[in-house]
Amino acid sequence: MSSNEYLPGEIEAHWQERWEKEQVFKAPRLAPENSFYCLEMFPYPSGRIHMGHVRNYTIGDVIARYHGMNGRAVLHPMGWDAFGLPAENAAIERGIHPAKWTRQNIDYMRSQMKRMGFSYDWSREFATSDPSYYRWEQLFFIRMLEKGLAYRSRSYVNWCSQCQTVLANEQVEGGVCWRCSTPVIQKELEQWFFRITAYAEELLQGCDQLRGWPERVLTMQKNWIGKSVGAEVGFPLVNRSDALRIFTTRPDTLYGVTFMSIAPEHPIVKDLAQKDSRIADFVKRSQSKDRQARIETQTSKEGIFSGLYAINPLTQEKVPVYIATFVLMEYGTGAIMAVPTHDQRDFEFARQHRLPLRVVIQPQGESFREETMQTAYEGEGILANSGPFTGIASEEAKKKIVEYLESKGWGQKKVQYRLRDWGISRQRYWGSPIPIIYCDTCGMVPVPEKDLPVALPTDVAFTGKGESPLASHPNFISATCPRCGKKGRRETDTMDTFVESSWYFARYACPDYNKGPLDPDSVHSWLPVDQYIGGIEHAVLHLLYARFFTKVLRDLGYIRLDEPFQNLLTQGMVIKDGAKMSKSKGNIVDPDDMISRFGADTVRVFCLFAAPPEKDLDWSDQGVQGASRFLQRVWRLVIDQESLWKEVGPVPVKDLSSQGIEIYRKAHQTIQKVTDDVGRRYHFNTALAAIMELVNALYLFASAASISDPDKRLFRWSLEVLSKLLAPLAPHIAEELWARLGHKKFIVHSGWLEVDPSAVVEEMQTLAVQVNGKVRARIQVPVGFSEERVREIALGEEKVVQSIQGMRIEKVVLVPGRLLNIVVRR
RNA sequence: GCCGCGGUGGCGGAAUUGGCAGACGCGUCGGACUCAAAAUCCGAAGCCCCUCGUGGGUGUGAGGGUUCGACUCCCUCCCGCGGCACCA
């Protein structure tokens, strides 16, 4: 490497090879004391990396390299979220086996990542489609089954007719499939579930411990869990022995109940539909609607009288029971008490079906009347028409009424969550098989541990029609019952791919461990992840599942950890021409193309400089040019000025010229700024801006007419500082310049920089002099000047004299190092 | 509808704890180098006004407030983005 031209292609290949050969980024098996685990969300191997990946992984790489230079042992792994639908679609469309397609994609994407110079410990790489990975997931499944955390149940589930599979609630976005945007319909199926609801409270409480997570992600998770506190109350049904159980958050409005509403899917409705064809028709009609249609008819409150009456336990009043489409079976008990005066939905329903109203809450200073109410009053107030509770404030009445209900055995306090159990069955081939055998005699039997993994068969036909290829694979289906030895039938559903990504971060600590899923020593030494980086789109999907799974693994005894990710950074999207990059928009920028034209360092610098990580990044070809220009400028600063940095030796601070002192100070200020921006704030754009300022200052310094020997030593030192500051951000050029400056050790191993606090402070400073908040002058004063002295100088300024002429000084405010404000009045 | 985030030059963005708004970069303009162009280096620039100066005013979505002082805090409103959306 001896060219004086900046040739990123050559430099980058050279250093990537050396890093790999000398295993620079290999993490030790056990983490030492001050270790750092830096993880980026691993990709689905779709074929090629896109700019979103480049940005995500560049951010992670800067953080990992920074901590490495600070002497910490860093775990920075990469792998592949390799199961999923696209592989199967490729098989159907192009006749290539999912395993082969996936392997090819992985190989190519790995090569792309290597060309970006990411500091991964590739020895820890794995794909979740490896049997050596998913076998442990099957073991977890069996353990969860034993603990009742996995169960099978027949219920209404989200079904995508395009993907021909079930979707979890988290995978339905606005009523459509998150992958293909097909409207999702409700289908009653036998499915496997993970009991995430058992952890609802802990997942919610945990949000408050996650200090290193962005507030908006926590808010989204809290909303998703959706805790509400209220009461469950039984309303006895007239002429029946059972009672209608309802959940309400407003027990204080119990005296205002004028009817009841139940979901069309409510178990009671099945009986009724058999006897009454009008009800049967209504139920059929409402169920044929997909979610989208139900939402669109929001304003219309459809319903039908069930013929049943319920008795309000508090008043002994008989109220009619309606079947209403807006009542959801999945939430609460699938039945509600209706208080039209104090719930807008009930109000609308009552109006449409001409049902009576009764006001039971009167806010201070108002008195609602049933005949004149145009909308429900949902706020607090004083109870009215509420028997012995009349006159009590609503908040207090809630407590009192619940206590009363409990004393009578009519109901009790109840906490309800919006979160529902995680449906994990997928009717697809390319996923981890669920290790269960069905036997006519023994029923559902888990596959014995010694028979794991239940491997995916490879000889499979992909027709794209009907059910999963596994369901029509005779050899796969046929199995012997582990309990009785008779012929059984294997489960053909596979697990949701979000199961794999719920624990991969732990496996990175011990990817080759084969005595169990996780090597306790290495897992406990490395975890939790110190810094996790990925897109905001996983705020409630992956990030909630991973938290849940961590708690499950803890309770199964595999891990001693409550939360997997200590700090979370959610990076924004990469945008071009005002839209997310996508094939359909035709605004895709290909990373390969950019790397070959400008080099990886330029691509990295652009991604880091154009915006702070959380914000969307606007791709700009001119911006890339700018990044490239900057690196060229850095290159020339070193290469073209060799005569100025041949002097080796410590910087003789006392003998520096005045410009030299300025440079020395500027360099230390830059170290301080970059250390804070990269190490703490993760604001790489301002770190780069500071480095650019230093480069600009060094250019001016180098062009000075004559430079003394002390100043030459300073210049050399400054270039070393510059290389190090740049090393996490643009590692190849930094490594190359470092070597050209004569260093034999990798820059990665040469330590970070210390700030000399005394070098940072300036002797003189500029203060703005304001009169009534308007800047009128700027003065140079020595640091630490007293207020009187500063004031004296300020009042001597001609501009200041002019603007306070004929005024009386009321007050003077000095903000040290910043400004002096003179407040005057006529 | 509810919750959250945001709105700063021609553009991307900076201002970290209430203290000089516009750092840094892009683009633009001017100069140097060149036969010329590109590249490079140096410099100018928020906007408006005028008597063209070492001048004045104004300015962070709009309006109001608190403060000696507000991009920053409070209230009302407008716009954009994201999440949730009949959750009882």
Side-chain angles (χ1 to χ4, degrees), chain A residues 173-175 214-220 222-224 226-228 230 246-250 253 261 263 291 294-295 297-301 324-328 330-339 343-346 348-349 416-420 536-537 539-540 572-573 605-606 609-612 614-627 629-630 632-633 636 640 673 676-677 680-681 683 685-693 695-696 699-700 703 766-775 777-778 798-799 810-824:
Chain A
E173 293 172 348
E215 202 48 52
R216 62 176 178 148
V217 173
L218 294 175
T219 307
M220 281 163 80
K222 285 180 197 164
N223 290 343
W224 190 264
K227 180 180 185 175
S228 33
I246 60 99
F247 172 73
T248 180
T249 54
R250 295 296 303 271
T253 63
S261 303
R291 244 181 135 86
R294 275 206 191 184
I295 289 160
T297 55
Q298 224 177 106
T299 44
S300 164
K301 290 277 176 292
T325 52
F326 79 88
V327 181
L328 306 171
E330 312 92 88
Y331 186 76
T333 59
I336 58 168
M337 65 180 207
V339 184
D343 182 289
Q344 187 56 27
R345 294 155 303 175
D346 295 343
E348 285 162 17
F349 193 90
Q416 188 68 47
Y417 301 92
R418 207 189 75 116
L419 181 72
R420 274 162 248 154
I536 185 79
E537 65 272 19
V540 281
M573 290 188 299
V605 165
F606 172 73
F609 183 65
E614 327 79 63
K615 276 204 175 187
D616 286 349
L617 181 146
D618 228 321
W619 191 270
S620 146
D621 294 332
Q622 275 160 346
V624 181
Q625 295 277 0
R629 193 177 305 160
F630 165 65
Q632 307 250 19
R633 206 167 138 79
R636 281 192 310 268
D640 295 353
K673 173 79 177 149
D676 190 44
D677 280 351
R680 181 182 66 87
R681 293 212 307 156
H683 278 208
N685 55 334
T686 49
L688 273 161
I691 297 173
M692 287 171 180
E693 282 189 55
V695 170
N696 291 345
Y699 259 87
L700 292 181
S703 68
T766 309
L767 290 187
V769 181
Q770 299 181 334
V771 175
N772 287 349
K774 283 193 175 115
V775 179
R778 282 171 226 279
E798 197 190 320
K799 274 293 173 57
E810 289 258 300
K811 187 175 178 181
V812 176
V813 182
L814 174 72
V815 182
R818 304 251 180 212
L819 55 77
L820 182 83
N821 191 9
I822 303 166
V823 185
V824 293

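Naming: A, B, ... by sequence-line order, numbering from 1 per chain.
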Notebook entry, point to check: If you look at every strand shown and take non-hydrogen atoms under 4.0 Å, does A:Arg216 touch a base, only sugar-phosphate, or nothing?
Noted result: sugar-phosphate
Next item on the list: Please assess A:His683 against A:Glu614 for the test side chain to side chain contact (heavy atoms under 4.5 Å, CB included), listing each intermediate value before the final yes or no.
Entry: CA-CA 9 Å; A:His683 278 208; A:Glu614 327 79 63; 4.1 Å; yes
Next item on the list: For A:Asp343, report the nucleic acid contact type (base, sugar-phosphate, nothing); a contact means any heavy atom under 4.0 Å.
Entry: nothing
Note to self: Of the listed nucleotides (B:rG13, B:rC3, B:rC24), which one gets closest to any side-chain atom of A:Ala689?
What the structure shows: B:rC24
Check: Across all strands, who's sitting opposite B:rG4 as a Watson-Crick or G-U wobble pair, both distances under 3.5 Å?
Finding: B:rC81
Next item on the list: Give A:Ser228 one of three labels, base, sugar-phosphate or nothing, depending on what nucleic acid heavy atoms sit under 4.0 Å from its own.
Entry: sugar-phosphate
Next item on the list: Can you tell me the pairing partner of B:rC73 across any strand shown, Watson-Crick or G-U wobble, with both distances under 3.5 angstrom?
Entry: B:rG65
Item checked: Separation of B:rC26 P from A:Gln625 CD (nearest whole Å) -> 10 Å
Notebook entry, point to check: With a non-hydrogen cut-off below 4.0 angstrom, is A:Asn696 in contact with a base, only sugar-phosphate, or nothing?
Noted result: sugar-phosphate
Note to self: If I take atom CZ from residue A:Phe349 and atom CD1 from residue A:Ile336, how far apart are they, to the nearest 0.5 angstrom?
What the structure shows: 8.5 Å
Item checked: Minimum-distance nucleotide to A:Tyr699 side chain [options: B:rG13, B:rU16, B:rC42] -> B:rC42
Checklist line | Nucleotide forming a Watson-Crick or wobble pair with B:rU40, both distances under 3.5 Å | finding: B:rA32
Next item on the list: Would you kindly give the CG-to-P distance between A:Asn772 and B:rA70, to the nearest whole Å?
Entry: 11 Å
Item checked: Nucleotide B:rA15, atom C1' - distance to NZ of A:Lys673 in whole Å -> 9 Å
Next item on the list: For the side chain of A:Lys799, starting at C-beta, report the closest nucleotide among B:rG27, B:rA88, B:rG56.
Entry: B:rG56
Note to self: Can you tell me if A:Arg418 touches the phosphate of B:rC84, counting only side-chain N or O atoms and a distance under 4.0 Å to OP1 or OP2?
What the structure shows: no
Note to self: Expressed as a whole number of angstroms, how long is the span from A:Asn821:CG to B:rA70:C1'?
What the structure shows: 13 Å
Item checked: Lys/Arg cation over aromatic A:Tyr417: A:Lys227, 6.0 Å, 45° cone -> no
Next item on the list: With the side chain of A:Phe609 defined as its heavy atoms from C-beta on, choose the nearest nucleotide among B:rG25, B:rC68, B:rC26.
Entry: B:rG25
Check: Distance check: side-chain N/O of A:Asn685 vs OP1/OP2 of B:rG12, anything under 4.0 Å?
Finding: no
Check: Counting side-chain heavy atoms from C-beta on, which of B:rA88, B:rG13, B:rG19 comes nearest to A:Phe247?
Finding: B:rA88
Notebook entry, point to check: Do A:Asn223 and A:Arg418 have side-chain N/O donor and acceptor atoms under 3.5 Å apart?
Noted result: no
Next item on the list: Give a yes/no answer on whether the side chain of A:Arg633 brings an N or O atom under 4.0 Å of OP1 or OP2 in B:rC41.
Entry: yes
Margin query: For B:rG9, give the paired nucleotide (Watson-Crick: N1-N3 plus N6-O4 or O6-N4; G-U: N1-O2 and O6-N3; both under 3.5 Å), or none.
Written below: none
Next item on the list: May I ask which nucleotide in the shown strands pairs with B:rU58, Watson-Crick or G-U wobble, both distances under 3.5 Å?
Entry: B:rG46
Notebook entry, point to check: Quick one: CZ on A:Arg250 to CE on A:Met337, what's the gap to the nearest 0.5 Å?
Noted result: 8.5 Å
Notebook entry, point to check: Of all the choices, B:rC86, B:rG13, B:rC3, which nucleotide is nearest to the side chain of A:Lys615 once you look at every atom?
Noted result: B:rG13
Checklist line | Considering all heavy atoms, the nearest A:Asn685-A:Pro612 contact | finding: ND2-CD, 3.5 Å
Notebook entry, point to check: Is the backbone of A:Val769 close enough, under 3.5 Å, to the side chain of A:Asn821 for a donor and an acceptor to pair up by distance?
Noted result: no
Check: Which part of the nucleic acid, if any, lies within reach of A:Arg680 when heavy atoms closer than 4.0 Å are counted: base, sugar-phosphate only, or nothing?
Finding: base
Next item on the list: Report the nucleotide, chosen from B:rA88, B:rG13, B:rA21, that has the shortest atom-to-atom distance to any side-chain atom of A:Phe326.
Entry: B:rA88
Note to self: What's A:Lys774 touching, base or sugar-phosphate or nothing? Going by heavy atoms closer than 4.0 Å.
What the structure shows: sugar-phosphate
Item checked: Residue matched to B:rA23 through Watson-Crick or wobble contacts both under 3.5 angstrom -> none
Check: Syn or anti for B:rG64, taking syn as within 90° of 0?
Finding: anti
Item checked: Listed nucleotide nearest any side-chain atom of A:Val813, set B:rC26, B:rC68, B:rC84 -> B:rC68
Note to self: Whether A:Arg629 contacts B:rG27 is assessed here as follows: a side-chain N or O lying under 4.0 Å from the phosphate OP1 or OP2. Is that the case?
What the structure shows: yes
Notebook entry, point to check: Nearest of B:rC68, B:rA85, B:rA15 to any side-chain atom of A:Lys811?
Noted result: B:rC68
Check: When we call it a touch if two heavy atoms are under 4.0 Å apart, what does A:Gly623 touch: a base, just sugar-phosphate, or nothing?
Finding: nothing
Next item on the list: Mind checking A:Ser620 for me? I need base, sugar-phosphate or nothing, with any heavy atom below 4.0 Å counting as a touch.
Entry: nothing
Check: Which of the following nucleotides, B:rA14, B:rG19, B:rG43, is nearest to the side chain of A:Leu700?
Finding: B:rG43
